[in-house]
There are 2 protein chains.
Amino acid sequence: MAQKIKLSTIADALKVSTATVSLALRDSPLVADQTREKIKEHARAIGYIYNRRAASLRTSRSGIVGVVVHDIMNPFFAEILRAIEGELDRSGQTFILSNHYDQLDKQRTFIDTVLQLGGDGVIMSPAIGTPAEDIRMAEDNGLPVVLIARSVKDANVPVFRGDDAYGIGLATNHLISLGHTRIAMVGGTDQTSTGRDRYEGYLHAMQKAGLEVKPEWRIPGPRTKQAGFDAAPQFLALKDHPTAAVCWNDLAAIGMMNGIARAGLVAGVDISVTGYDDLEEAAIATPALTTVWNGQREVGQRAARALLDQLNGADTHARQELIKPELRIRQSTSRPKER
Amino acid sequence: MAQKIKLSTIADALKVSTATVSLALRDSPLVADQTREKIKEHARAIGYIYNRRAASLRTSRSGIVGVVVHDIMNPFFAEILRAIEGELDRSGQTFILSNHYDQLDKQRTFIDTVLQLGGDGVIMSPAIGTPAEDIRMAEDNGLPVVLIARSVKDANVPVFRGDDAYGIGLATNHLISLGHTRIAMVGGTDQTSTGRDRYEGYLHAMQKAGLEVKPEWRIPGPRTKQAGFDAAPQFLALKDHPTAAVCWNDLAAIGMMNGIARAGLVAGVDISVTGYDDLEEAAIATPALTTVWNGQREVGQRAARALLDQLNGADTHARQELIKPELRIRQSTSRPKER
DNA sequence: TGGGTGCGGTCAAACGTTTGGCCAGGACCC
DNA sequence: GGGTCCTGGCCAAACGTTTGACCGCACCCA
């Protein structure tokens, strides 16, 4: 590796000061066009590499944004991340990504890392049980926070998420309108704001339609295909089992449909199943999954923009923005089978 | 936000020098136990935050490792990333992650960013068409590179990947041993080393068994479910269509099985299908997918360790390590149906 | 008594940028 | 011809750490 090239290397070669070089490379109008071109040209020629740490030490802007979610491999978050990535890319921010797997200490470590690196902001989907305190701590240290997908009680920061209660209501009502009266809810937990909202939405829709809800019809579990798959036999073992299941998300729904198939039944015929999120995968599942579009792209984009605006000095008030979900009807739901 | 707390804040408060504080916080034996404790205690109490940029400016070690792959949302990479994450975490490195979507300029931008941030190294699954030049450029600037999943011709760096030719041979031979003679290969491209190796492996197995291979039996395409799904009708439209398909990866295979189901046929009965990678999902697909375990976890772990070793001064010679894949037989393959 | 050794700690120079303040020279104006 | 403005550029002080060189002291040994 050749000798490190720095501003002064260029400055010396061209008989100007480092200040001029610095300004020229950043297209400052303070330097004459001709000089600027000469400098940029030379910099390119000798392969100068801008040292961001040195710069940010001086400017205290690092161009780094931290993003932390439960699990980046979960397609739901993956779609959000894709949107965030696009937005951040366009404004030249680097993002560092991490999973917290719903472990508070992993989340704290991450925030700490971002602080140490002098990050400009954080976008996070808070781990279960995140205290408002943790968020305040970040903000106190000059790290603006934006929340996605879940909110944190008493945390005074912007939140972007789907309207879960409303969305799950769409799915439940759809099943009810098809004639189902015994409807279970499969997957998910009640420990997140999302979880509570979805369960409430389901309950509310059932009650509004005057339908009974048995406690054993709530089969909670992780939000994974595996969990849905495992829930299927439980569901089928219920005496007088329901004719339909509202699943926490598409993953659980797809897993459950697989489980139903394993039991020799046909989802969408014997048992109706709805998902949630409308992942790309939902449309090509067999049968194609009736689900609720949850605006992942919207959430990601708006969250990223809100953060960027804040970095640019806009006074982002702590608002909560709910994206309105939409029902996508496909083949996994139908009228209940007579017996 | 309170006044920035720095080493000297602590130093002043405790009437010692910043040097002592710096050493104490890093557990140097050069400072007396008692002093050290006092310093660490005070630092904690007032909420001192270590400034890594300042430190790395001095030390030229940033604790940052760049990781870039085609698409982090692809479960194949996701599983590798999970392993890398674990390894890096344990040694306190921060990793910044990015997709290149097989675009060379995105990949270059990423490497440039890592250079600017003073990253300690890069783990990458090179984009299609990556010239050895690009990698040499990184290394010339003091950024060690480790490759995963794909190799780059003439690039003199460590590579960790599965033995694709061997692995696809396992799948092909399995089908042959079941009695299939007309076997197609679905999905993937021949533009990557992986692609060529897999196709070669398939060809080689067929030829060794004395079986004919028709050109139209090669149905290339992206490595996604959607692609597999779309390939199904093409496959079925072939006159005298094959009785089995070796798919590029599990995603394509699962997509194809869905496509087969849509056509009213049953994968694993009418058409045998094999996947590649053994994603978590393969086992719960319906039918459960016969596939080839590709050692994602191994690849990720070894790559990360190799890089870490190199950072610690070990002289990592540029080796290519091939992980031996293993066949996982499930329900998506069976004897060909007589007609 | 004088020199050697360890211990605990300090000094100050770097690391590579950015930026507010300053300056030289020329054009322009009355 | 003296004042005012502009233009293009330079100076030097930060930003917060780390680290090689040094230092003072106590103790020990001969």
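This one's a predicted model, so the numbers in the text were calculated from it and none came from an experiment.
- The side chain of A:Ser17 lies closest to D:dC10 when the candidates are C:dG8, D:dC10, C:dA12.
- In terms of position along DNA chain D, the nucleotide closest to B:Arg53 lies nearer the 5' end than the nucleotide closest to the other residue of the pair B:Leu23 and B:Arg53.
- Closest approach to the B:Val31 side chain among D:dC10, C:dG16, C:dG9 is made by C:dG9 (side chain taken as heavy atoms from C-beta onward).
- Rounded to whole Å, the distance from NZ on A:Lys15 to P on D:dG9 is 16 Å.
- Between B:Asp33 atom CG and C:dG6 atom C1' the separation is 15 Å, expressed in whole Å.
- With B:Ser91 as the partner, the side chain to side chain contact (heavy atoms under 4.5 Å, CB included) test is satisfied by one option alone out of B:Val65, B:Leu308, B:Asn312, B:Leu307: B:Leu308.
- Residues A:Ala32 and B:Ile49 each lie close to DNA chain D; by heavy-atom proximity, the contact nearer the 5' end of the strand is made by A:Ala32.
- Comparing atom distances between the B:Leu7 side chain and each of D:dG16, D:dT17, C:dT10 picks out D:dT17 as nearest.
- Annotation: of the two residues near DNA chain C, A:Tyr50 and B:Ala55, the 5′-most nearest-nucleotide partner is B:Ala55.
- Remark: A:Gln103 CD to A:Thr109 OG1 distance equals 9.5 Å, nearest 0.5 Å.
- Under the 3.5 Å distance criterion, with hydrogens and angles disregarded, a donor-acceptor pair is assigned to the side chains of A:Ser56 and B:Arg53.
- Using a 3.5 Å distance cut-off with no hydrogens or angles, the side chains of B:Asn99 and A:Glu85 do pair a donor with an acceptor.
- Computed from coordinates, the A:Gln34 CD to D:dT7 C1' distance equals 14 Å when rounded to whole Å.
- With rounding to whole Å, B:Asp12 atom CG is found 12 Å from C:dT10 atom P.
- Between A:Arg52 atom CZ and D:dG16 atom C1' the separation is 19 Å, expressed in whole Å.
- Phosphate contact (OP1/OP2 of D:dG16, side-chain N/O of B:Tyr48, threshold under 4.0 Å): absent.
- Rounded to whole angstrom, the span from the NZ atom of B:Lys6 across to the P atom of D:dT17 amounts to 8 Å.
- Of the residues listed (B:Val114, B:Thr113, B:Leu115, B:Asp120), the one engaging B:Leu117 in a side chain to side chain contact (heavy atoms under 4.5 Å, CB included) is B:Thr113, and it is the only one.
- Residue order along DNA chain C, read from the 5' end via each residue's closest nucleotide, puts B:Val16 first among B:Val16 and A:Ser22.
- Contact between the side-chain N/O atoms of B:Thr35 and the OP1/OP2 oxygens of C:dG9 is found at a separation under 4.0 Å.
- Atom CG in B:Leu57 sits about 14 Å away from atom P in D:dC15, given to the nearest Å.
- As judged by a 4.0 angstrom heavy-atom cut-off over every strand, A:Thr59 is placed among residues touching the sugar-phosphate backbone only.
- B:Leu25 has its CG atom 9 Å from the P atom of D:dT17, to the nearest Å.
- Applying the 4.0 Å criterion to OP1 and OP2 of C:dT19, one finds that A:Arg26 has a side-chain N or O inside that range.
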